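Report on the structure given below.
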Amino acid sequence: MDDQTRMLTGLTGLGGLSQPDVGDPDSVRKQQSLGQPQQDIGDILQQIMAITDESLDEAQARKHALNCHRMKPALFSVLCEIKEKTVLSIRGVQEEDPPDPQIMRLDNMLLAEGVSGPEKGGGSAAAAAAAAAAGGSPTDSSIEHSDYRAKLAQIRQIYHSELEKYEQACSEFTNHVMNLLREQSRTRPISPKEIERMVAIIHRKFSSIQMQLKQSTCEAVMILRSRFLDARRKRRNFNKQATEVLNEYFYSHLSNPYPSEEAKEELAKKCGITVSQVSNWFGNKRIRYKKNIGKFQEEANLYAVKTAVDAANVSAQASQANSPATPNSGGYPAPCYTPDGRL
DNA sequence: ATAAATGATTCTAA
DNA sequence: TTAGAATCATTTAT
């Protein structure tokens, strides 16, 4: 009841009425002499106050009558104003939406991955860049790449359909609530501003759902990326020639099998692989050789023989025909010319 | 089908 | 940063 009297007090004040004490029958009598508007409002307020005491049918009828009253719009706006000041101002202030950094992050990532961005161009470009960064060979990278793109498109499609579903549900629900509030605003003070606020609340709720969707989409993309960009998954053995070059260097520098940066570059060029692949190879070779020297003994002997034969061939300068019994594979275009025969 | 080989990655420590 | 070690995921050999 306290609220009601507060509202009524505010109403009369704002409405330019001098007598706030409408509950007092005396004041009503006094108002009757003050002119039509005051008397109307006093009437209306009394009817509103009494409406809860009436039966449902009576109340319904009364509601209708009040609704059609010519003072209704003015009263309504004033009541709304009061409600605004009393109820809504209490919690309405701190609800300014800060640009959520979390959702910004997700948005940025989805955009970067080409999920939420422009249709085909961005996605394929991103995928191509990723594939290129992974250092895949150009032939199979296009195959892998199309596969990657297909999966990414699938994710994007799911993402968009889900997003659309949520947006539709959100707008449906918003509409429903708005209609409800508009309907109710005929009988209780609900300002457009309040409806707006309610809509904002609904949108916040739905955007948190959207954030979950974005998060799971991001996860899916990350998994996809790790699957396709992990070079372990599309490993190809080096060709025989490259392996020979590497082994030759390794076994001819067995006492110190750590090629310098320049040596690595040269080996990389000779083998048609990258410098980091050369580094990987030597890293693996060293540890595996050390772990089981016995197992590599045969290989070591073979390459020792091979370098000796090559050296002999170089010194003999091809004046004689090569013996067909050489253990290495035929057609070795660039014999190892390592000038530093350290061992 | 299973084991071995192999290139790549990840982690730790220097 | 780099080497070493462990491990992964794939290819090749059995």
Side-chain angles (χ1 to χ4, degrees), chain A residues 109 112-113 126-152 154-155 218-307 310 325-336 338 340-343:
Chain A
M109 186 186 150
E113 299 301 331
S137 68
T139 48
D140 64 352
S141 96
S142 62
I143 298 165
E144 300 276 340
H145 168 224
S146 75
D147 205 354
Y148 176 87
R149 193 170 49 183
K151 291 239 165 55
L152 192 68
Q154 198 180 334
I155 289 175
C218 277
E219 257 171 57
V221 172
M222 291 310 277
I223 290 168
L224 181 69
R225 283 189 66 120
S226 73
R227 266 203 75 80
F228 276 84
L229 301 181
D230 185 349
R232 280 180 294 201
R233 291 183 184 274
K234 47 175 196 264
R235 180 178 70 76
R236 296 288 105 92
N237 288 354
F238 299 153
N239 61 41
K240 207 164 177 86
Q241 184 190 124
T243 313
E244 295 224 2
V245 171
L246 294 166
N247 269 319
E248 221 164 284
Y249 188 99
F250 180 79
Y251 285 111
S252 60
H253 299 74
L254 203 48
S255 61
N256 183 34
Y258 297 87
S260 65
E261 200 57 35
E262 302 85 67
K264 280 183 194 172
E265 277 169 31
E266 181 151 349
L267 286 167
K269 195 187 288 182
K270 224 188 275 188
C271 299
I273 59 180
T274 68
V275 171
S276 65
Q277 281 179 305
V278 172
S279 298
N280 286 340
W281 191 91
F282 273 88
N284 283 322
K285 192 71 184 183
R286 281 191 300 264
I287 189 76
R288 283 163 183 165
Y289 180 82
K290 195 181 77 178
K291 243 173 161 173
N292 191 351
I293 293 178
K295 198 169 69 182
F296 287 90
Q297 199 54 57
E298 197 181 336
E299 192 179 65
N301 291 337
L302 193 146
Y303 279 96
V305 168
K306 194 171 138 42
T307 50
D310 281 344
T326 40
N328 57 0
S329 61
Y332 194 65
C336 185
T338 48
D340 48 341
R342 186 190 333 162
L343 185 66

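A note on names: the letters A, B, ... follow the listed sequences, proteins ahead of strands, and every chain is numbered from 1. This is a predicted model, so every value here is computed, not measured.
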Fill in: Salt bridge flag under 4.0 Å for residues A/K270 and A/E244
no
Item to complete: Taking the side chain as every heavy atom from C-beta outward, state whether A/F282 and A/L267 have any atom pair closer than 4.5 Å.
Response: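 Yes; the side chains approach each other to less than 4.5 Å.
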Over how many whole Å does the gap from [X] atom [atom1] to [N] atom [atom2] extend?
| X | N | atom1 | atom2 | value |
| --- | --- | --- | --- | --- |
| A/F250 | B/dT6 | CZ | C1' | 14 Å |
| A/N280 | C/dA3 | CG | P | 11 Å |
| A/F282 | B/dA8 | CZ | P | 14 Å |
| A/N292 | C/dA5 | CG | C1' | 16 Å |
| A/N284 | B/dT9 | CG | P | 11 Å |
| A/E298 | B/dA5 | CD | P | 12 Å |
| A/N239 | C/dT11 | CG | C1' | 15 Å |
| A/K234 | B/dT6 | NZ | C1' | 17 Å |

Could you tell me whether [X] contacts a base, only the sugar-phosphate backbone, or nothing, with contacts defined as non-hydrogen atoms closer than 4.0 Å?
| X | result |
| --- | --- |
| A/K295 | sugar-phosphate |
| A/N237 | sugar-phosphate |
| A/R288 | base |

Practice prompt. Using atom types as modelled and distance alone, determine if a side-chain donor or acceptor of A/Q277 lies under 3.5 Å from a backbone N or O of A/T274.
Written response: yes
From [options], pick the nucleotide closest to the side chain of [X]?
| X | options | value |
| --- | --- | --- |
| A/K264 | C/dA6, C/dT10, C/dA3 | C/dA3 |
| A/Y258 | B/dT6, B/dA5, C/dA3 | C/dA3 |
| A/R286 | C/dA3, C/dA6, C/dT11 | C/dA3 |

Worksheet item: What's the spacing between A/I287 CD1 and A/N292 CG if we round to 0.5 Å?
Response: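 Nearest 0.5 Å value for the CD1-CG distance: 12.0 Å.
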Discussion item. Please tell me if A/K291 has a side-chain N or O lying less than 4.0 Å from either OP1 or OP2 of C/dG4.
Written reply: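 No, outside the criterion.
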Fill in: Residue-phosphate contact under 4.0 Å: A/Q277 side-chain N/O, B/dG7 OP1/OP2
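False: A/Q277 side-chain N/O out of range (4.0 Å or more) of B/dG7 OP1/OP2.
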Worksheet item: Do the ring planes of A/F296 and A/Y289 sit parallel (below 30°), tilted (30 to 60°) or perpendicular (above 60°)?
Response: tilted
Worksheet item: Given that A/R235 and A/I287 both sit by DNA chain C, which one's nearest nucleotide is further toward the 5' end?
Response: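 Looking at the nearest nucleotide for each, A/I287 comes out on the 5' side.
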